[in-house]
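For this chain, numbers begin at 1 and follow the sequence in order.
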Amino acid sequence: MDTKNLERFLRSFGGQVVKDARAELKKAKGDTALGNSIRFEVTADEQGFTTKFFMEDYGEYLDKGVSGNKKQQSYINTEGKSVKSPYKYTTKGPPIDILSKWIKRKGIKPKGLGRGRDKKTGQFLSGFAYLISRKIKREGIKSLSFFQKPLGLEYKNLKEGFLNELKLDIQSYITTYYRPK
């Protein structure tokens with residue numbers, strides 16, 4: 001059976017979710033590598049069609065947030081309900097050397113905190129990076145729900161339009177392969 005209407009509909013669904021997710025992320029963080037990495041694929045298999053979404057690994061942490069060891073974070077799921085984040089900092093915070101690179105890239109110049117060297121890498125680290133790491137470990141990372149919100153909105157549209165597209169494909173199949181004499 002030819003399912004071009006259904007495939008087209010799923011591609012438009014995936015494209016709209018990606019477009020909206022990129023817009024939400026851009027509104028919160030500006031242009032990022034994460035935004036450019038968001039994509040989708042529609043594949044056909046023996047059980048039907050699958051729409052898969054892909055992004056950088058850390059995108060899920062930004063989307064759902066990360067709870068700290070003192071403060072619980074939550075995110076808005078696809079149904080629009082607030083749900084506790086499945087991720088949590090327990091004993092370790094984010095790496096200080098990564099935060100040091102972020103501080104340097106952003107051009108932040110803290111005063112009075114001093115600098116030291118990492119014992120393993122010999123790289124200079126700022127005390128400011130250590131303080132940021134402690135705060136993130138304590139309070140966590142707030143959820144952006146940049147992917148969950150668009151997915152939930154488009155999923156509602158998917159449920160409504162899916163049957164119409166399937167109906168068109170079935171009608172096309174019947175008229176093509178069953179022509180009364």
For Ser67 and Gln73, does a side-chain donor sit closer than 3.5 Å to a side-chain acceptor?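 The criterion, which ignores hydrogens and geometry beyond distance, is not satisfied for Gln73 and Ser67.
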Does the side chain of Asn157 reach to within under 4.5 Å of the side chain of Glu154, using non-hydrogen atoms?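 They are in contact (side-chain heavy atoms under 4.5 Å apart), so the answer is yes.
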Could you report the tightest heavy-atom contact between Ser145 and Pro150, atom names first, then the distance?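 Nearest pair, atom of Ser145 first, then Pro150: O-CD, 4.2 Å.
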Please determine whether residues Leu34 and Tyr61 belong to a single hydrophobic cluster, defined as Ile, Leu, Val, Met, Phe, Trp and Tyr linked transitively by side-chain heavy-atom distances below 4.5 Å.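 Yes, Leu34 and Tyr61 fall within the same hydrophobic cluster.
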From Tyr89 atom OH to Ile141 atom CD1, the distance as rounded to the nearest 0.5 Å: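 One gets 3.5 Å once the value is rounded to the nearest 0.5 Å.
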To the nearest 0.5 Å, what is the distance between CG (Asn77) and NZ (Lys84)?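 Here the rounded value is 14.5 Å.
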Find the distance between CZ (Arg11) and CD (Glu41) and round it off to the nearest 0.5 Å.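 If I round to the nearest 0.5 Å, the distance is 9.5 Å.
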Is a side-chain donor or acceptor of Arg22 paired with a backbone partner of Gly35 at a separation under 3.5 angstrom?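 Indeed, once roles are kept as given, a pair shorter than 3.5 Å links the two residues.
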Is the Phe53 ring parallel, tilted or perpendicular to the Phe147 ring (thresholds 30°, 60°)?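 It falls in the perpendicular class, over 60°.
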Output the distance between atom OG1 (Thr32) and atom NZ (Lys26), rounded to the nearest 0.5 Å.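 Going from OG1 on Thr32 over to NZ on Lys26, the span is 10.0 Å.
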Is any side-chain heavy atom of Ile76 less than 4.5 Å from a side-chain heavy atom of Gln148?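 Result no, sub-4.5 Å side-chain heavy-atom pair not found.
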Shared hydrophobic cluster, Leu151 / Tyr75 (ILVMFWY, side-chain heavy atoms < 4.5 Å):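 No, Leu151 does not connect to Tyr75 through the hydrophobic network.
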Under the side chain to side chain contact (heavy atoms under 4.5 Å, CB included) rule, what do Met55 and Ser37 come out as? Steps first, then yes or no, please. CA-CA 5 Å; Met55 71 176 98; Ser37 74; 3.9 Å; yes
Of all the heavy-atom pairs spanning Pro94 and Ser133, show the shortest one and how long it is.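 That would be O-OG, 2.9 Å.
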Counting N and O atoms only, with roles assigned by atom type, does the side chain of Thr51 sit under 3.5 Å from a partner on the main chain of Gly14, one being a donor and the other an acceptor?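 Not at all, since once roles are kept as given, no pair shorter than 3.5 Å links the two residues.
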Report yes if some heavy atom in the side chain of Leu62 is under 4.5 Å from a heavy atom in the side chain of Lys29; otherwise report no.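 Counting from C-beta outward, Leu62 and Lys29 do come under 4.5 Å.
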Heavy atoms of other groups near Tyr155 OH, more than 12 under 6.0 Å: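 No, the 6.0 Å shell around OH holds no more than 12 heavy atoms from other groups.
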Inter-residue atom distance Ile136.CD1 - Arg138.CZ, 0.5 Å rounding: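 So the gap between those two atoms works out to 10.5 Å.
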Does Val42 belong to the same Ile/Leu/Val/Met/Phe/Trp/Tyr cluster as Phe54, with side-chain heavy atoms less than 4.5 Å apart forming each link?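 Unlinked, Val42 and Phe54 end up in two clusters.
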Side chains of Ser74 and Ser82: is there a donor and an acceptor less than 3.5 Å apart?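 Yes.
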Has the side chain of Lys137 got a donor or acceptor atom that lies under 3.5 Å from a matching backbone atom of Thr91?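 Here the side-chain-to-backbone pair exists.
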Would a hydrophobic clustering, with Ile, Leu, Val, Met, Phe, Trp and Tyr connected at side-chain separations under 4.5 Å, put Phe13 with Leu153?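 No: no chain of side-chain contacts under 4.5 Å links Phe13 to Leu153.
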Could you see if Tyr87 belongs to whatever hydrophobic cluster contains Leu99? Use Ile, Leu, Val, Met, Phe, Trp, Tyr and a side-chain cutoff under 4.5 Å.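 Per the 4.5 Å side-chain linkage, Tyr87 and Leu99 are co-clustered.
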Check whether any side-chain heavy atom of Ile132 sits under 4.5 Å from a side-chain heavy atom of Ile96, and report yes or no.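 They are not in contact (no side-chain heavy atoms under 4.5 Å apart), so the answer is no.
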Apply the test side chain to side chain contact (heavy atoms under 4.5 Å, CB included) to residues Phe146 and Asp63: give CA-CA distance (whole Å), side-chain angles for both, the deciding distance (0.1 Å), then the verdict. CA-CA 6 Å; Phe146 70 91; Asp63 187 44; 3.7 Å; yes
Within this structure, what is the CG-CG distance for the pair Leu25 and Leu144, rounded to the nearest 0.5 Å?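 If we round to the nearest 0.5 Å, Leu25:CG and Leu144:CG are 7.0 Å apart.
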Return yes when atom CG of Asp57 has more than 12 non-hydrogen atoms of other residues, nucleotides or ligands closer than 6.0 Å, and no otherwise.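 Counting other residues, nucleotides and ligands, CG of Asp57 stays at 12 neighbours or fewer.
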